[in-house]
**Q** 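Here's a structure for you.
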2 protein chains.
Amino acid sequence: MADVNKKQKGQYHHGDLRRALMQAAVDLVAESGVEGFTLREAAKRAGVSAAAPYRHFSDRADLLAAVATEGFNRLLPALQAAIDRTEDDSMAAIAGLGLAFVEFGVSNPSHFKLMYGPHLPDRAAHPELGDLDLEGFRMLSQAIARAQEEGRLTTGEPRQMALVSFALVYGAVSSYLDGEMTRLGFSTREAQAMLEAGGFYLLRGLARS
Amino acid sequence: MADVNKKQKGQYHHGDLRRALMQAAVDLVAESGVEGFTLREAAKRAGVSAAAPYRHFSDRADLLAAVATEGFNRLLPALQAAIDRTEDDSMAAIAGLGLAFVEFGVSNPSHFKLMYGPHLPDRAAHPELGDLDLEGFRMLSQAIARAQEEGRLTTGEPRQMALVSFALVYGAVSSYLDGEMTRLGFSTREAQAMLEAGGFYLLRGLARS
DNA sequence: ACCTGAACACCGTTCAAGT
DNA sequence: ACCTGAACACCGTTCAAGT
């Protein structure tokens, strides 16, 4: 049960330096935000020199993008599972997607910040990120379209209704992670209650009257 | 009409270095994000040495916090104006608050990011920021309470309904500013349309049935 | 009171050299 | 193929010294 996060003393090769660096990034972001992450500190925690990361990542941003990609690769199956779990109820599927998204963000704050935050300077350099992002959004759009076909949601562009829903859950999670809710005097419990109520209010507004 | 942003050549005193540094910060954040802002570059643009800013700000974070404070000092009057403009219609006041918030964010992206983003490492060091933040939130809560008294919104904790509304507009603005909407394939026009529709859907959900 | 110049510790990144 | 050590340009911050 060797610790894969640190190089064995005296060993020349690391084992899985790529993994260890990504884990160090997640830890550092959790500890002190994305600004608090430095390549040198990540290398130090993995027990290698400051130059070693450049064998595995082209630069600092490339490492962060790899963590973001890992995040999408965790989120998308969770969203799919939420849909599968509610095969019979199209409205429940939409609510389930929202809850799964929120749960993912709260459980994976470092990943979430890198996936959706302003920290990746050149997203064009990582096209796979955009593709994964779009795929999640398409799941939501399709769930909304399905509910419309069943006559349970009001008419309107599914894409637009999806974007409204996304803005709500995205705003909820990121303002929570940024500490805005705490600043406004909400406890974690209250914040959670509001998330559920928020989804309820919005769904009510989207519902067929 | 002297350029207050640069020190006159040969002049020893600057004139208003504090202002010039804050303006440089706004510009740098707009150009390359908060990560792209450096104290040294701001000082360079103001025409002073790298140590000069420390006469006016205790450190880098203090300068950024000053810009955030300036942002709240612009936002709050805009919110108040939105309320005054719709004295007679409590529902219009809520919608007006949302639109004013969105308009502020789109027009003052650098300020908005610093006010609500994760970039200020120690917000406790700047208590006035939390106060101003809360004041804006109280405006929204009161508008909601008023609409409830008039029987136009469903019952429920105004604070909680305000938080839901805040999450929606906050999510809309910050995902727009972070480029997420563009990534999802929405044009600026579409994004704007969705903002309006989003407010409509949510208000509909909050309305008394 | 306000600013400069030099200094320190730190960072991202490169590159020749080691195993 | 993978990593080290030294180097470079840059950054935040401090401090003695200048005006």
Side-chain angles (χ1 to χ4, degrees), chain A residues 2-22 24-25 27-29 31-67 114 119-122 125-126, chain B residues 2-22 24-25 27-29 31-67 114 119-122 125-126:
Chain A
D3 185 354
V4 76
N5 291 327
K6 250 184 233 156
K7 194 176 68 164
Q8 301 297 91
K9 184 174 65 169
Q11 286 289 91
Y12 193 78
H13 285 257
H14 179 282
D16 194 351
L17 182 53
R18 187 181 163 87
R19 260 254 58 72
L21 289 170
M22 286 172 70
D27 295 343
L28 283 167
V29 170
E31 286 166 28
S32 40
V34 182
E35 332 246 28
F37 161 78
T38 67
L39 259 186
R40 289 182 104 109
E41 176 63 21
K44 197 174 174 186
R45 293 199 178 187
V48 295
S49 74
Y54 290 87
R55 275 301 119 189
H56 301 273
F57 301 97
S58 60
D59 55 22
R60 187 190 120 109
D62 190 42
L63 200 171
L64 295 179
V67 175
L114 291 170
H119 303 288
L120 267 44
D122 184 17
H126 304 276
Chain B
D3 184 355
V4 77
N5 290 326
K6 248 184 234 153
K7 194 176 68 163
Q8 301 297 89
K9 184 173 65 169
Q11 286 290 91
Y12 192 78
H13 285 257
H14 180 282
D16 194 351
L17 181 54
R18 187 181 164 88
R19 259 255 59 72
L21 288 169
M22 287 173 68
D27 294 344
L28 282 167
V29 170
E31 286 167 28
S32 41
V34 181
E35 332 245 29
F37 161 77
T38 67
L39 258 187
R40 289 182 105 107
E41 177 62 22
K44 198 173 172 186
R45 292 199 179 188
V48 296
S49 75
Y54 289 87
R55 274 301 120 191
H56 300 273
F57 302 98
S58 60
D59 54 23
R60 186 191 120 110
D62 189 43
L63 200 172
L64 296 179
V67 175
L114 291 170
H119 302 287
L120 267 45
D122 183 18
H126 304 277

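Side chains included, hydrogens not; waters and symmetry mates left out as well; all remaining heavy atoms used. In what follows, chains carry the letters A, B, and so on, assigned in the order in which the sequence lines appear, proteins first and then strands, with residues in each chain numbered from 1.
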**Q** Give the stems involving DNA chain C, where a stem is 3 or more consecutive Watson-Crick or G-U wobble pairs (i with j, i+1 with j-1, and so on) under 3.5 Å.
**A** C:4-8 with D:12-16, C:12-16 with D:4-8
**Q** What integer distance in Å separates A:Lys44:NZ from C:dG12:P?
**A** 13 Å
**Q** Over how many whole Å does the gap from B:His119 atom NE2 to D:dG12 atom C1' extend?
**A** 18 Å
**Q** Would you name the heavy atoms of B:Ala25 and B:Val67 that are closest together and state the gap between them?
**A** CB-CG2, 4.2 Å
**Q** Measure the distance from CG on B:Leu17 to C1' on C:dT4 and round it to the nearest whole Å.
**A** 13 Å
**Q** How close or far is atom C1' of D:dG12 from atom CD of B:Glu35, stated in whole angstroms?
**A** 16 Å
**Q** Which pairs of donor and acceptor atoms, one on a side chain in residues 39-48 of chain B, lie under 3.5 Å apart (sequence neighbours left out)?
**A**
from: B:Glu41; atom 1: OE2; to: B:Arg45; atom 2: NE; distance (Å): 3.2
from: B:Arg45; atom 1: NH1; to: B:Glu31; atom 2: OE2; distance (Å): 3.0
from: B:Arg45; atom 1: NH2; to: B:Glu31; atom 2: OE1; distance (Å): 2.9

**Q** Nearest 0.5 Å, please: how far is CD in B:Glu35 from NE2 in A:His119?
**A** 5.5 Å
**Q** Return the value, rounded to whole Å, for the distance between atom CZ of B:Phe57 and atom C1' of C:dC2.
**A** 14 Å
**Q** Drop me the distance from B:Asp62's CG to B:Phe57's CZ, to the nearest 0.5 angstrom.
**A** 7.0 Å
**Q** Report the residues that fulfil side chain to side chain contact (heavy atoms under 4.5 Å, CB included) with B:Asp16, sequence neighbours left out, ordered by chain and then residue number.
**A** B:Val4, B:Arg18, B:Arg19
**Q** Look at the side chain of B:Asp59 and decide which nucleotide, out of C:dT4, D:dT13, C:dC3, has an atom nearest to it.
**A** D:dT13
**Q** Hey, what do you get for CG (B:Asp122) to CG (B:Asp59), rounding to the nearest 0.5 Å?
**A** 9.5 Å
**Q** Using salt bridge (charged side-chain N to carboxylate O under 4.0 Å, His left out) as the criterion, list what pairs up with B:Arg60, not counting sequence neighbours.
**A** none
**Q** Taking CG from A:Leu64 and P from C:dT13, how many angstroms apart are they, rounded to a whole number?
**A** 10 Å
**Q** Nearest to the side chain of B:Arg55, heavy atoms from C-beta on, is which of C:dC2, D:dT4, D:dC3?
**A** C:dC2
**Q** In whole angstrom, what separates A:Asp62's CG from C:dG12's P?
**A** 14 Å
**Q** Let me confirm one number: the CG-CE distance from A:Asp27 to A:Met22, rounded to the nearest 0.5 Å.
**A** 12.0 Å
**Q** Less than 4.0 angstrom between a side-chain N/O of A:His56 and OP1 or OP2 of D:dA1, yes or no?
**A** no
**Q** Per the side chain to side chain donor-acceptor pair (under 3.5 Å) rule, what does the pair list look like for residues 46-57 of chain B, sequence neighbours excluded?
**A** none
**Q** Taking the side chain of A:Tyr54 as heavy atoms from C-beta outward, which of C:dG12, D:dT4, D:dC15 is closest to it?
**A** C:dG12
**Q** Within the sub-3.5 Å range, which N or O atoms of nucleotides 8-11 of chain C have a protein N or O partner, and how far apart are they?
**A**
none

